[in-house]
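To keep things clear, I will list the structure first and then write my remarks on it.
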Number of protein chains: 2
Amino acid sequence: MKTTEEVIQRFRQAGFKITPQRRAIFEVLAGNENHPSVEAMYQEIKIKMPDISLATLYNTLNELNALGLIDIVRDTSQKAVRYDPNTEPHDHLYCLQCNRMIDIENMDKDLELPEERSQGFHILRQQVTYYGYCPDCQKILEE
Amino acid sequence: MKTTEEVIQRFRQAGFKITPQRRAIFEVLAGNENHPSVEAMYQEIKIKMPDISLATLYNTLNELNALGLIDIVRDTSQKAVRYDPNTEPHDHLYCLQCNRMIDIENMDKDLELPEERSQGFHILRQQVTYYGYCPDCQKILEE
DNA sequence: CTCTTTGCAAACTGTTTGCAATGCC
DNA sequence: GGCATTGCAAACAGTTTGCAAAGAG
């Protein structure tokens, strides 16, 4: 995600007001690479702002998503949504054990789908997900 | 997924009993390429077996998944789980408008991640998802 | 001062669970 | 007949919504 200041700009520009709650949410997201769940963000924000409501967090995340400032990512094993502040095209490493998700640079081109495989779809972008075990979980599994 | 008979084999072999309910569920799944949601399957099954319970469907799907006979697929925009009876590695075409999901053959070759990009992960498999608009939705969007 | 936003609680949706009754093998 | 499985209803988790009170611009 852009810096907190850039997000504030875009938010104001879209007609939203800047409240301390929203500012705190932006700050948790800025530069966050953990693909956090709502609950994880809630716990983090509550440290600085104990009275913030979960509903406010949900509402703000939906607004950010609508403005294209964060993306939703889901994984198969967990039902809760996770958010990705990195909205540039990129690929993912996914740990099947701990559900950790790591951004990696988009493996560029030559994935172009040949006409006969794309079934008439108009493709806008593609994403590769690599499934496996992260270094930490490999250690645990070896024991 | 394998044929209904093969699934019944594996199920029995795992110590489960074969009931008419389970048989009906296997039949809906066999050869299904729509990545159906639980609700979609429920509606379909109820035509032939109106008294079947949703809980039974959920339980059976979980058992099938545990045996590796169906996979879970999720998409960002919908919260309900969808199931994929095709458990072979394959890629997906995904329509951003109608959420249709189409299996395509795994793009084999050189997706191998160079050591320095894989961050120590032990990669087991990869999946490419192509996001875009399906032929039907392209027409609708053009109007 | 106005109109948005907040926090709370209640409502909702998708899924799981406990249990008495039923039915497979 | 014995034990797994069913259907039902209640419980749950994640998310959304309605509304009165508080607050940004």
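This one's a predicted model, so the numbers in the text were calculated from it and none came from an experiment. These values consider heavy atoms only, across backbone and side chains, with no hydrogens, waters or symmetry-generated copies.
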With a cut-off of less than 4.0 Å, is there a side-chain N or O of [X] near OP1 or OP2 of [N]?
X	N	value
A/T56	C/dG7	yes
A/Q21	D/dA24	no
A/N62	D/dT16	yes
A/Y58	D/dT15	yes
A/R22	C/dT6	yes
B/N59	D/dT6	no

Between [N] atom [atom2] and [X] atom [atom1], what is the distance in whole Å?
X	N	atom1	atom2	answer
B/L61	D/dT6	CG	C1'	15 Å
A/M49	D/dG23	CE	C1'	13 Å
B/I72	C/dG14	CD1	P	16 Å
B/Q78	D/dT15	CD	P	15 Å
A/Y42	D/dA13	OH	C1'	15 Å
B/F11	C/dC24	CZ	C1'	14 Å

Mind checking [X] for me? I need base, sugar-phosphate or nothing, with any heavy atom below 4.0 Å counting as a touch.
X	value
B/R23	nothing
A/E39	nothing
A/A55	base
A/D51	sugar-phosphate

If you only use heavy atoms from C-beta on, which nucleotide in [options] is closest to the side chain of [X]?
X	options	result
B/L54	C/dT5, C/dT15, C/dT16	C/dT15
A/I18	D/dG25, D/dT6, C/dG14	D/dG25
B/K17	C/dT15, C/dT4, D/dC3	D/dC3
B/T19	C/dT17, D/dT5, C/dT6	D/dT5
B/F16	C/dT5, D/dT5, D/dG7	D/dT5
A/V38	D/dT15, D/dT17, C/dC24	D/dT15

Ignoring hydrogens and angles, tell me if any N or O in the side chain of [X] forms a donor-acceptor pair with the backbone of [Y] under 3.5 Å.
X	Y	value
B/R74	A/R74	no
B/N65	B/L61	no
A/R23	A/I18	no
A/Q126	B/T129	no

- Task: Name the residue closer to the 5' end of DNA chain D, choosing between B/L57 and B/K79 according to the nucleotide with the nearest heavy atom.
- Result: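 Nearer the 5' end of the strand: B/L57.
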- Flag if over 12 foreign heavy atoms under 6.0 Å of CD, A/Q119: yes
- Task: Nearest-nucleotide wise, let me know which of B/R74 and B/R12 is further upstream toward the 5' end of DNA chain C.
- Result: B/R74
- Separation between OH of B/Y94 and NE2 of B/H35, rounded to the nearest 0.5 Å: 11.0 Å
